[in-house]
Protein chains: 2
Amino acid sequence: MSQRITIHDIARELNLTTATVSRALNDHPRISTETKQLVQEKARQLKYRRNKLASSLRSGKSHTIGVIIPSAQMNFFGSVVHGIENTASSNGYSIILYQSEETTSLEKKAIETFLSARVDGILASIAKETVDYTHYVELRKRNIPLVFFDRTNEELQVPSVVIDDYRGAFLATEHLIKNGYARIAHVAGPQHIKGFRDRLSGYKDALLANNRTIVNEYIYQGNVSLESGKEAADYFLNLTAPPDAVFAVEDFTALGVIKCMKERNVKIPEDFGIIGFANENFDEHITPALSSVDQQTVQMGKEAFNLLMEIIKANDGKARVKDDTKIVLDPVLFFRESSTGKSN
Amino acid sequence: MSQRITIHDIARELNLTTATVSRALNDHPRISTETKQLVQEKARQLKYRRNKLASSLRSGKSHTIGVIIPSAQMNFFGSVVHGIENTASSNGYSIILYQSEETTSLEKKAIETFLSARVDGILASIAKETVDYTHYVELRKRNIPLVFFDRTNEELQVPSVVIDDYRGAFLATEHLIKNGYARIAHVAGPQHIKGFRDRLSGYKDALLANNRTIVNEYIYQGNVSLESGKEAADYFLNLTAPPDAVFAVEDFTALGVIKCMKERNVKIPEDFGIIGFANENFDEHITPALSSVDQQTVQMGKEAFNLLMEIIKANDGKARVKDDTKIVLDPVLFFRESSTGKSN
DNA sequence: GTGAAAGCGCTAACAC
DNA sequence: GTGTTAGCGCTTTCAC
């Protein structure tokens, strides 16, 4: 019912063989322009539509890639997927989307499905839960093109696309310094996650590079949440020499800090400066508008797909993209009211 | 390189035919339990993985569905996709994701790709730009299972899943009334879009049902944006008898209203109440926290997939799900500070 | 309960 | 420049 016209129909009507028709449709160089036009015209006329399953089965290329993200509900990943799908689509690729829900088991299931569907490559952001990477290692062994984005693992030697957390943190901290804040604190994230570790380093190095000293009590160990932002702010204000600015590891944490400051009547940005990380969509709408570091999500998706394409092509030509290829995107800072400087 | 083990390998090692192996792997009733176990064990041992392309080609079922959304970058759709993928995955289905970017051309391209990939069905939310629906009509003609979610078209007679905009608007308006606001205004959206039209009706009917009169100058025609919220608020405050509450067609509009009120020193919720629509993630974080109507996005995705499944199954059994099947989800209200009531 | 044979629709290798 | 032939890996009659 749904679709019956095949290249056989075209071949029959044109007194050609299916091979010729197939070649004509694929714009094969050794087919005459005349024949190509005839075939293409007839195909249009019969409303022919290539059966991708058959062609993929035979050719070994599915023109499909698998994408694993923790959850499409998370802003960040929705945005990256936007970039991936866009780029894939304009390159003639389809994407199969899977969510790991931060679990290793669904991650494995996704990979199973992808292999079964004979995808040409896989783009993945590692689930939080995952500590055993054998399913990914297996992909490398089978020589299946794989690229990590955002959530990577250094030891696995898988090509990846990330943003420069260190640099983002460095610039954010320096921005606070330049705007006249004297004692800059940091609400950190779990240190076993590389991105958060890098942000702490960037913060520290920015202080040192600007002849400030690192004050240990100005570094609060949070868990990337609104709550930990509040707690951190409370802690900071109770110090004998409280800081006058905070670089928060991420925007919800920053939001927590802002809420606490408001409750305690500390004026932002006059008495206290703050900058976050992620450039969430609420940043510009809260009061005061929150300065933040944008993670270039769409660009990340685009770059990840392009890198995967490179690997796929190299694979076809028996070449090889270096395993330690790593694209590091430059974060972009958005300066808003929350960090415009101290009043004096 | 990537994958060489086929049912032939299993058959050879076990001295069976591929037919038997295939049946055993598919849990065919007429295969002995013994054989099944042997085959399944051997499959595991050889790390066999079914070639989905081949099986789909032969059987005519791909266990894949196509999903068209305007953009994965939009919160709302990311969230719906979350619901779709989750449900699909646990039912053994994969999803191919396409973004229309609100254009008809990409919508058509998506459908082309889906047909080519022989998806078992399609889930779609119509692009804003689309006024010519022939590509969707074509799907109906070919009897390809199709379900619309959120953005539907009434005339097309395609099964759909939407939320009850009318009821959401009615309840939101009534909430403002119950909390003591006397003159309730509405910032409306473009009236050619059904959802927005329904919200206006819900607003009006709630007023009438509570013995209020509909005041025409309390209805501002906006365009669903922060800007139009600001403009509306300005307009309202300049009336000789300004309203004391607003039901905004959507949260960004509500945010615009709030911003304007703050600038003009109107106190929320004491002097002015406000409730929005969408339950955006910033709602609870702005000041005052914004009351809103949640659109049940994840549930919508789940219901849409389930409805599609029903149609697919009915199709197989030559039955038919009614074309005008329409699942209407109940919106859920979130009451926050912005509408807690007038001071007296 | 299992086997033999055919074929889904396409592309690729080899002819000429 | 086009035809011939084979086959990707699976499922599905139809046998027995």
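Proteins get letters first, then strands, A, B, ... in listed order; numbering begins at 1 in each.
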Peer 1: Should A/Lys302 and A/Glu85 count as an ion pair when the cut-off is N to O under 4.0 Å?
Peer 2: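 Here A/Lys302 does not pair with A/Glu85 in a salt bridge, since their nearest N and O are not under 4.0 Å apart.
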Peer 1: B/Lys52 has an atom NZ; how far is it from atom P of C/dG9, in whole Å?
Peer 2: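 To the nearest whole Å, that distance equals 19 Å.
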Peer 1: Just to verify, what does A/Phe77 make a ring pair (Phe, Tyr, Trp, His ring centres under 6.0 Å) with, not counting sequence neighbours?
Peer 2: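 Testing A/Phe77 for ring pair (Phe, Tyr, Trp, His ring centres under 6.0 Å), a comparison that skips the adjacent residues, returns none.
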Peer 1: For B/Arg30 and C/dT2, give me the distance from atom CZ to atom P, rounded to whole Å.
Peer 2: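 Between P of C/dT2 and CZ of B/Arg30: 11 Å.
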Peer 1: Could you state the atom-to-atom distance from NE2 of B/His28 to P of C/dT2 in whole Å?
Peer 2: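 In whole Å, C/dT2 P and B/His28 NE2 are 11 Å from each other.
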Peer 1: Counting just side-chain N and O atoms, does A/Thr17 come under 4.0 Å of either OP1 or OP2 of D/dG3?
Peer 2: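 Indeed, a polar side-chain atom of A/Thr17 lies that close.
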Peer 1: Please state how far atom CG in A/Asn51 lies from atom C1' in D/dC8, giving the value in whole angstrom units.
Peer 2: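 My rounded result for the distance is 13 Å.
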Peer 1: Once rounded to the nearest 0.5 Å, what's the spacing between atom CD1 of A/Ile193 and atom CD1 of A/Ile126?
Peer 2: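 Rounded to the nearest 0.5 Å, the CD1-CD1 separation comes to 11.0 Å.
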Peer 1: Sorted by first residue and then second, give each ring pair (Phe, Tyr, Trp, His ring centres under 6.0 Å) pair with at least one member in residues 78-102 of chain A; sequence neighbours left out.
Peer 2: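 Qualifying pairs, neighbours excluded: A/His63-A/Tyr93, A/Tyr93-A/Phe305, A/Tyr98-A/Phe114.
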Peer 1: Could you work out, with side-chain hydrogen bond (donor to acceptor under 3.5 Å, both in side chains) as the rule, every residue matching B/Gln157, not counting sequence neighbours?
Peer 2: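 B/Gln157: no side-chain hydrogen bond (donor to acceptor under 3.5 Å, both in side chains) contacts found.
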Peer 1: Which whole-number value in Å describes the distance from B/Leu53 CG to D/dG9 P?
Peer 2: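 So the two atoms are 10 Å apart, to the nearest Å.
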Peer 1: Round to a whole Å and report the spacing from CZ of B/Arg58 to P of C/dA6.
Peer 2: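 Between P of C/dA6 and CZ of B/Arg58: 13 Å.
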Peer 1: Expressed in angstrom and rounded to an integer, what is the separation of B/Ile7 atom CD1 from D/dG9 atom P?
Peer 2: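 Rounded to whole Å, this separation is 10 Å.
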Peer 1: Under 4.0 Å from any atom of DNA chain C, heavy atoms only: list the residues of residues 18-27 of chain B that qualify, in numerical order.
Peer 2: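 Those residues are B/Ala19, B/Thr20, B/Arg23.
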Peer 1: Remember a base hit wins even if backbone is also touched, and classify B/Ser55 as base, sugar-phosphate or nothing at under 4.0 Å, heavy atoms.
Peer 2: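 Contact class for B/Ser55: sugar-phosphate only.
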Peer 1: Between the two end axes of the helix from C/dG1-D/dC16 to C/dC16-D/dG1, each built from 5 base pairs, what angle do you get to the nearest 10°?
Peer 2: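 The value is 30°.
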Peer 1: How is A/Asp9 classified with respect to the nucleic acid when contacts are heavy atoms under 4.0 Å: base, sugar-phosphate, or nothing?
Peer 2: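 It contacts nothing in the nucleic acid.
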Peer 1: Looking at side-chain heavy atoms only, is the closest gap between A/Ile84 and A/Leu123 below 4.5 Å?
Peer 2: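 A side-chain contact under 4.5 Å exists here.
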Peer 1: Inspect the contact between B/Lys313 and B/Glu310 and indicate whether a charged nitrogen and a carboxylate oxygen are less than 4.0 angstrom apart.
Peer 2: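 Salt bridge between B/Glu310 and B/Lys313, a charged N being under 4.0 Å from a carboxylate O: no.
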Peer 1: Just to confirm, is there a sub-4.0 Å distance from OP1 or OP2 of D/dC8 to any side-chain nitrogen or oxygen of A/Ser59?
Peer 2: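 Result: no.
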Peer 1: Please state how far atom CZ in B/Arg12 lies from atom P in D/dC10, giving the value in whole angstrom units.
Peer 2: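 About 13 Å, once rounded to whole Å.
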Peer 1: For B/Ser56, report the nucleic acid contact type (base, sugar-phosphate, nothing); a contact means any heavy atom under 4.0 Å.
Peer 2: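 Result for B/Ser56 = nothing.
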Peer 1: Test: ring pair (Phe, Tyr, Trp, His ring centres under 6.0 Å). Region: residues 4-24 of chain A. Which pairs qualify, not counting sequence neighbours?
Peer 2: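 Those involving residues 4-24 of chain A do not exist here.
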Peer 1: Checking all strands, does B/Leu16 fall into the base, sugar-phosphate, or nothing category for heavy-atom contacts under 4.0 angstrom?
Peer 2: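 It contacts sugar-phosphate atoms only.
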Peer 1: Donor-acceptor pair, A/Ser125 side chain versus A/Ile69 backbone, under 3.5 Å?
Peer 2: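 Not a single qualifying donor-acceptor pair exists.
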